Amino acid sequence: QKEVEQDPGPLSVPEGAIVSLNCTYSNSAFQYFMWYRQYSRKGPELLMYTYSSGNKEDGRFTAQVDKSSKYISLFIRDSQPSDSATYLCAMSGSGGGADGLTFGKGTHLIIQP
Amino acid sequence: DAGVTQSPTHLIKTRGQHVTLRCSPISGHKSVSWYQQVLGQGPQFIFQYYEKEERGRGNFPDRFSARQFPNYSSELNVNALLLGDSALYLCASSLVLGQGYGYTFGSGTRLTVV
């Protein structure tokens with residue numbers, strides 16, 4: 001079993017829809033949870049970051065972490081064609097970053113105009 | 001303000017050869033990390049350097065090595081290249097040793113081993 005599981009998709013939704021992306025994980029030591037967006041042939045770009053459990057909202061994006069279920073989610077409201085990209089969840093423990101980030105496989109999202 | 005810059009952007013090497021990839025962090029950032037992203041997969045952690053010292057290492061063979069220079073730039077070296085080393089190599093910089101939210105990634109070096 002991989003440490004972080006993420007459905008690779010593709011996930012195709014019409015413009016304006018609410019998108020739900022999620023990851024599950026097995027390592028209970030993870031404390032920091034991030035969502036990155038990656039366009040083709042580019043490096044990942046940080047979208048949202050959450051420490052421990054809870055919700056965080058930034059514009060059209062909402063990140064949720066449920067540590068009891070080892071489940072994290074990213075919601076995108078009023079989706080736009082420019083949101084079409086691969087979305088990567090990433091996690092790390094509290095060891096000063098020595099173990100780096102553990103990423104999911106990424107979900108390929110397509111927003112249809 | 002310049003972001004994380006990586007060079008070269010693309011590279012083709014033959015099996016058994018050696019390769020050096022370079023990374024310049026954001027000005028003022030003291031930590032550099034390296035990741036390997038195989039097509040269709042998420043990035044995998046290779047190394048983290050802070051203040052010129054190795055602070056973390058992922059599950060990669062000894063053919064992979066890195067170093068950080070006094071100006072905080074970094075090199076990733078891979079010896080005895082295998083076909084399976086073909087991937088996008090990403091460098092990320094951060095101000096301090098962080099928990100990931102402070103990382104800024106470069107656009108990567110795409111390495112093809114033939």
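In what follows, every chain begins at residue 1, and chains take the letters A, B, ... in the order their sequences are listed. Note that the coordinates shown come from a computational prediction; the quantities given were computed from them, not determined experimentally.
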Heavy atom to heavy atom, less than 4.5 Å: which residues from residues 81-90 of chain B reach chain A?
B:L88, B:L90
Enumerate the disulfide bond (SG atoms under 2.5 Å apart) contacts for residues 7-36 of chain B, please, sequence neighbours excluded, ordered by first and then second residue.
B:C23-B:C91
Can A:S73 and A:Q64 be counted as having a side-chain donor-acceptor contact under 3.5 angstrom?
no
Is a side-chain N or O of B:S31 found less than 3.5 angstrom from the main chain of B:S93, in a donor-acceptor match?
no
With rounding to the nearest 0.5 Å, note down the distance linking OG in A:S12 to CD1 in A:I111.
7.5 Å
Are A:T107 and A:D7 linked by a side-chain donor-acceptor pair shorter than 3.5 Å?
no
Which atoms of B:Q37 come close to chain A, meaning under 4.5 Å heavy atom to heavy atom: side chain ones, backbone ones, both, or neither?
side chain
Does B:E54 form a salt bridge (Lys or Arg N to Asp or Glu O under 4.0 Å) with B:R57? I'd like the steps, not just the answer.
CA-CA 8 Å; B:E54 181 183 307; B:R57 174 187 282 253; 3.3 Å; yes
Treating A:R60 as the side-chain partner and A:R77 as the backbone partner, does any N or O pair qualify as donor plus acceptor under 3.5 Å?
yes
Can you tell me which portion of A:Q31 sits under 4.5 Å from chain B's heavy atoms? Options are side chain, backbone, both or neither.
neither
Need one label for A:F103: side chain, backbone, both or neither, based on atoms under 4.5 Å from any heavy atom in chain B.
both
So, B:F47 versus B:F64, ring centres under 6.0 angstrom or not?
no
Which residues share a ring-ring contact (aromatic ring centres under 6.0 Å, His included) with A:F61, sequence neighbours left out:
none
In residues 106-114 of chain B, which residues are in contact with chain A at a heavy-atom separation under 4.5 Å?
B:G106, B:S107, B:R110
Which bit of A:P8 is near chain B, if near means a heavy-atom gap under 4.5 Å: side chain, backbone, both or neither?
neither
Cut-off 3.5 Å, side chains only: do A:Y87 and A:Q6 have a donor facing an acceptor?
no
Quick check: A:Y71 with A:Y25 (ring centres under 6.0 Å apart)?
no
Under 4.5 Å heavy-atom distance to chain A, tell me which part of B:Y50 shows up: side chain, backbone, both or neither.
neither
What orientation do A:Y32 and A:Y51 show, parallel under 30°, tilted 30 to 60°, or perpendicular over 60°?
tilted
